[in-house]
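Have a look at the structure below, then the notes.
These figures come from a predicted structure and were not determined experimentally.
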Amino acid sequence: MGATIAGLRVLDAAAVRAALTYEAAIPLVRQAMIALSNGRVRQELRSFIGLGPGRTFAIMPAALDEQAVFGAKLVSVFGDGQGRKAHEGLVVLFNGDDGAPVCLADAGEVTAIRTAAASAAATDALARPGATRLSVLGAGRQARAHIDAIARVRPLSSVTLWGRNFDRAAALAATTTLETGVACVARADARRAVEEADIICTTTAAVDPILQGDWVAPGAHVNLVGSSGPGQAEADSVLVAKGRLVVDHRPHVLAHGGEFLRAKAAGLVDDDVIAAEIGQVFANPALGRTGDDQITVYKSLGHAAQDLACVAWLWGRAG
């Protein structure tokens, strides 16, 4: 018979969802990214094992020196072939004092919350103060999560959605309007969905671009979120070349940032197109937006530092 491990706290999806609010997660992720940029987090490049078309197993380790914890996220990412993907797995947290595992948390729920929280933190730092019109490309879980998270950092006046399945996008728009009170509409055309937006989030499983740089209005801020590997790109190379590119972690984007890698392969940019890491911008806002008409682009790959910071907070709160 199996037995529980002494001192190991297990947090299922419901427990994570109940405790890890955006009000908690946004500052947690912000501090984690500052620590990653200034060397107080040690993190290796993630490793991938392909399991067939649209299916990946990833291992993401890190050590958070200030919190005296370390651990890893073990996650499967399975796409359904219709522009949607699901994250399933576990975040394992170890106590840095004695090396014992102390917390096991549902990775799907942690990922869903911290990903949107990271985009919200980046939006707060990079979008214009008066930005109120949000456009989200995607109609899945991350689409709604991004609406909810970004509403914590900007007073949204409208939300426009686009998805490959228009009926699904329309249903999400109706639900979002009812539950948030913010006017949310679905568009059948991606260009129409983004052309008047102040803030744009791409949250799809697209392999090839669904956002063109020429569609983005001057002064807009873009969060590129859905593509997490070198073979995927949600935005075209024009956007990478014309925007001020801020990334979550330079070494990871140089190796795995699909939009950047395509623009570099096309000869449009080199490594110097990366203006800063988001942790550097959080610590020094002068490294972020430099003008009202500038397009800012945040490339998010997601990191174990974010996952472990959130789970360490959950473990400390429950202890």
Side-chain angles (χ1 to χ4, degrees), residues 20-46 60-71 73 96 110-111 113-131 146 149-150 152-154 198-199 201 219-225 240 243-257 259-260 269 271-292 294-313 316:
L20 189 60
T21 63
Y22 290 117
E23 286 78 9
I26 291 170
L28 285 170
V29 169
R30 185 179 186 277
Q31 290 303 314
M33 298 314 288
I34 293 173
L36 180 60
S37 288
N38 68 22
R40 289 179 288 122
V41 169
R42 289 171 288 152
Q43 180 175 284
E44 300 295 329
L45 287 177
R46 70 187 75 191
M60 302 165 59
L64 280 59
D65 291 340
E66 286 192 337
Q67 291 92 330
V69 296
F70 62 93
K73 180 165 75 174
V110 172
T111 301
I113 297 168
R114 66 81 159 145
T115 301
S119 293
T123 298
D124 196 27
L126 294 171
R128 292 176 298 183
H146 273 70
I150 289 172
R152 267 60 174 194
V153 300
R154 289 293 185 277
D198 302 313
I199 304 163
C201 301
H221 170 67
V222 182
N223 296 306
L224 300 177
V225 181
V240 176
R244 182 168 177 81
L245 180 62
V246 175
V247 303
D248 55 6
H249 190 224
R250 182 183 175 89
H252 271 86
V253 171
L254 291 176
H256 298 150
E259 293 87 359
F260 161 76
V269 303
D271 294 358
D272 290 337
V273 74
I274 298 175
E277 292 184 343
I278 193 63
Q280 295 173 309
V281 174
F282 291 151
N284 180 8
L287 296 175
R289 175 177 291 276
T290 61
D292 283 347
Q294 185 178 64
I295 294 171
T296 53
V297 180
Y298 172 58
K299 176 56 189 171
S300 171
L301 287 172
H303 294 284
Q306 300 166 340
D307 300 308
L308 294 176
C310 290
V311 174
W313 181 83

Which residues share a side chain to side chain donor-acceptor pair (under 3.5 Å) with Asp198, sequence neighbours left out: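 For Asp198, the residues satisfying side chain to side chain donor-acceptor pair (under 3.5 Å) (neighbours in sequence not counted) are Arg128, Arg133.
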
Are the side chains of [Y] and [X] in contact, using a 4.5 Å heavy-atom criterion?
X	Y	answer
Arg250	Asp271	yes
Leu308	Gln67	no
Val247	Leu254	no
Gln31	Glu66	no
Val246	Thr296	no
His221	Ser119	no
Val253	Glu259	no

Got a second to check how far [X]'s [atom1] is from [Y]'s [atom2], nearest 0.5 Å?
X	Y	atom1	atom2	result
Arg42	Glu44	CZ	CD	9.5 Å
Ile295	Leu245	CD1	CG	12.5 Å
Thr21	Arg152	OG1	CZ	7.5 Å
Asp307	Ile113	CG	CD1	11.0 Å
Ile278	Met33	CD1	CE	8.0 Å
Ile199	Thr123	CD1	OG1	5.5 Å

Closest non-hydrogen atom pair between [X] and [Y], with its separation:
X	Y	answer
Leu28	Cys310	CD1-CA, 4.3 Å
Ala122	Tyr298	CB-CD2, 3.4 Å
Ala118	Gln306	CB-NE2, 3.8 Å
Ile26	Ala121	CG2-CB, 4.1 Å
Val240	Val273	O-CG2, 3.8 Å
Glu277	Pro251	OE2-CD, 3.7 Å

Are Asp248 and Lys299 ion-paired here, with the side-chain N under 4.0 Å from a carboxylate O?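 Answer for the salt bridge query: no.
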
Keeping the roles fixed (side chain from [X], backbone from [Y]), state whether a donor-acceptor pair exists under 3.5 Å.
X	Y	answer
Gln43	Ala305	yes
Arg114	Val29	no
Arg46	His256	no
Arg289	Leu126	yes

Do Arg40 and Ile34 pass the side chain to side chain contact (heavy atoms under 4.5 Å, CB included) test, and can you show the C-alpha distance, the side-chain angles, and the key distance before you say yes or no? CA-CA 8 Å; Arg40 289 179 288 122; Ile34 293 173; 3.6 Å; yes

Applying side chain to side chain donor-acceptor pair (under 3.5 Å) to Ser300 and Asn223, what does each step give before you reach the verdict? CA-CA 7 Å; Ser300 171; Asn223 296 306; over 6 Å; no

